[in-house]
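Heads up, the thing below is written out as structure tokens.
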Amino acid sequence: MADFIQLFINGLALGSVYALAAIGFVIVYSATGVVNFAAGQFVMFGTFAGVAMLANAGLPWPVGYAAALLAMAAFGALFFIVVYLPLRTSPVVTVIIGTVAVGIVMQNAALLGFGSWPFRLVSPLEGITIDIGGAAISAHAAMVVVVTGLLVGLIWLLFYRTALGIGMRAVAQDVEAARLMGLNVNRLLALSWMLAAVLAGIAGLLLGPMWFADVNMGDPIALKAFAATIIGGFGSLPGAIAGGLFVGLTELLGASYLSSAYKDLIAFAVMILFLLVRPQGVFGERIQDRG
Amino acid sequence: MTLLHATAISKRYGGLMALSEVDFRVAPGEFVAVIGPNGAGKSTFLNVLTGLTPPSAGRVLFDGRDVTRAPTHRRIRAGLGRTFQHGRLFARLSVLENVMTGAAIRTDRTESQLRALSLGMLDRMGLVGEAHRAVGSLSYGQRRMVELCRALACGPKLLLLDEPAAGLNLGEVEQLMARLTALRAEQELAVVLIEHNMGMVMRLAQRILVLNFGCRIAEGSPAEVQSDPAVLSAYLGEGYGNAQH
């Protein structure tokens with residue numbers, strides 16, 4: 001039982017990171033119709049922003065985390081200006097290919113800057129364990145789950161309780177009508193990209209101490225976040241959360257109770273099953289083509 | 001004193017002149033109707049005024065400022081409001097949230113003030129009971145009223161209404177006219193109304209602009225326009241206007 005609790009919490013922690021990456025993915029998709037294939041590299045940048053601020057610059061961790069997230073917000077704005085704005089009138093597929101290209105550039109920029117040797121990002125709660133029902137839980141894993149829960153609450157408040165968030169949802173639905181409500185559409189779209197980048201940054205900072213910080217870490221994360229959104233429902237925020245937690249849990253529980261060689265099999269098999277039987281996912285609406 | 005002054009507005013789509021050299025003025029608080037047969041360029045004209053469609057030529061002055069090149073959201077902030085011919089509410093937002101997107105223009109207010117303001121507007125439209133319903137669950141007539149409420153939430157000086165009575169039943173049209181009249185009694189609100197319901201146009205409008213094939217063919221009081229031969233022939237066919245005289 002103690003083993004199970006430990007695995008369960010670790011699975012939730014990993015799933016939380018996938019969920020955060022998936023939420024960033026969904027926010028950009030809902031607002032702009034763009035499937036961001038650089039989403040994994042966004043998370044990788046988050047981890048390396050942490051490495052740069054904490055390990056390399058040696059900032060104390062609250063300052064380092066804040067600086068890393070500020071850098072991610074700036075990166076989101078830059079991405080909006082350099083990739084999205086110039087391509088916004090072209091077909092959405094062009095923008096999607098653009099995100100693939102930028103993902104490749106990001107990965108190689110990280111390789112140039114940090115080298116291929118993996119780093120270790122130390123958690124502020126390194127080495128501390130909490131006893132839950134006889135199981136020794138790493139305090140970092142518990143923190144990941146708590147931080148993700150808080151963030152989900154904040155995101156919900158933003159989108160459903162503030163005029164800013166309501167405006168972002170309005171822009172996602174009808175850009176022209178949103179302009180006629182006096183909403184500054186470009187500013188709200190830029191905010192969507194910045195928010196996605198910051199969430200990916202938080203995912204990266206939380207993931208760093210659980211994995212090694214490796215410039216190639218982006219693709220596996222993007223695949224898991226993608227699987228999470230398919231299972232939960234493409235474009236749905238609750239779906240991204242549920243899907244992320246499901247993928248994280250099956251990965252860890254599957255590795256322990258079945259075989260670590262097949263740990264990814266279950267999540268992807270479930271994803272394929274959903275694509276065949278219920279392509280709109282658990283919470284999603286039917287996917288429609290958008291202009 | 002002119003609130004809106006459009007001069008020589010032209011819009012060309014390839015070889016088609018959707019609008020050609022249309023001049024148009026609206027005074028503060030004035031109620032003007034724009035009528036014309038289908039395809040006359042009425043909606044294009046509203047799109048040019050609101051900035052959704054850039055004009056090929058001409059100038060738009062609003063409240064003393066040249067807004068010809070200004071983006072739509074700036075014009076809305078300056079005091080233009082608009083509803084669409086085919087309802088364009090945000091379907092996945094509640095009634096209250098839809099109105100709040102309009103109210104959010106007042107950046108000096110707090111969230112709770114915006115919420116209270118929006119609820120107050122819904123109350124005056126008799127829609128406060130529907131505030132938390134999904135827009136999709138409303139009747140067609142209610143949706144048009146929510147759209148009007150949302151446009152009013154922007155606090156416009158000039159409200160552009162694109163066929164607000166389309167698809168409404170007689171009772172709902174009466175209700176809409178009563179609301180518009182009441183609104184204009186409470187505040188100085190200029191209105192430009194595009195409408196095919198001539199009863200509504202003749203009763204509400206102080207002045208009527210008639211467009212046909214993108215050109216201004218007549219302008220004047222309801223009585224003048226009704227007896228204008230060019231208008232009669234545009235609506236009823238070539239020669240009808242002349243046969244009357």
Side-chain angles (χ1 to χ4, degrees), chain A residues 26-27 29-33 81 85 88-89 153-192 233-240 280-281 283-291, chain B residues 46-47 49-53 70-115 117-118 132 135-136 147 149-156 159-160 162:
Chain A
V26 165
I27 286 173
Y29 174 76
S30 326
T32 63
I81 293 165
L85 267 191
R88 74 189 184 287
T89 47
L154 284 176
I155 291 167
W156 185 87
L157 280 177
L158 170 70
F159 280 117
Y160 292 91
R161 281 291 171 270
T162 72
L164 181 69
I166 292 170
M168 287 169 87
R169 284 163 62 212
V171 168
Q173 290 178 43
D174 188 337
V175 166
E176 210 168 66
R179 285 212 169 92
L180 280 168
M181 292 302 108
L183 297 173
N184 188 338
V185 169
N186 275 344
R187 200 176 61 117
L188 291 171
L189 288 178
L191 269 177
S192 299
F234 220 84
S236 153
L237 285 176
Q280 70 269 40
F283 293 92
E285 297 164 17
R286 286 195 168 275
I287 299 173
Q288 290 165 344
D289 259 341
R290 34 194 301 170
Chain B
L46 284 202
N47 285 343
L49 295 183
T50 43
L52 293 179
T53 304
T72 300
H73 70 267
R74 291 255 169 75
R75 303 186 197 207
I76 304 298
R77 277 157 203 257
L80 264 181
R82 160 168 194 187
T83 66
F84 284 96
Q85 182 178 356
H86 309 288
R88 293 273 287 270
L89 289 169
F90 303 113
R92 275 174 280 155
L93 265 53
S94 72
V95 170
L96 175 63
E97 287 173 336
N98 262 284
V99 178
M100 279 182 75
T101 59
I105 209 166
R106 296 159 227 252
T107 45
D108 55 329
R109 310 285 180 94
T110 66
E111 297 289 338
S112 51
Q113 283 172 328
L114 290 178
R115 198 165 285 272
L117 180 95
S118 305
H132 297 288
V135 162
E147 221 187 339
C149 203
R150 185 179 70 168
L152 286 168
C154 298
L159 186 60
L160 309 169
D162 196 350

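These numbers come from a predicted model, not from an experiment. In what follows, chains are A, B, ... by sequence order, proteins preceding strands, each numbered from 1.
Here the CD1-CZ distance, from A/I27 to A/F159, works out to 4.0 Å after rounding to the nearest 0.5 Å.
For a residue to count as touching a neighbouring chain, one of its non-hydrogen atoms must lie under 4.5 Å from one of that chain's; by this rule B/R74 does not touch chain A. If you measure heavy-atom distances from B/L114 to chain A, the contacts under 4.5 Å come from the side chain alone.
In this structure, the side chain of B/R77 engages the main chain of A/G182 through a donor-acceptor pair within 3.5 Å.
Contact count versus chain B (heavy atoms, under 4.5 Å) is highest, among A/L183, A/L164, A/D174, A/T162, for A/D174.
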> Would A/R169 and B/E97 count as a side chain to side chain contact (heavy atoms under 4.5 Å, CB included) if you check the C-alpha gap in whole Å, the side-chain angles of each, and the deciding distance to 0.1 Å?
Replying inline: CA-CA 10 Å; A/R169 284 163 62 212; B/E97 287 173 336; 3.0 Å; yes
> Would A/L189 and A/V175 count as a side chain to side chain contact (heavy atoms under 4.5 Å, CB included) if you check the C-alpha gap in whole Å, the side-chain angles of each, and the deciding distance to 0.1 Å?
Replying inline: CA-CA 10 Å; A/L189 288 178; A/V175 166; 5.6 Å; no
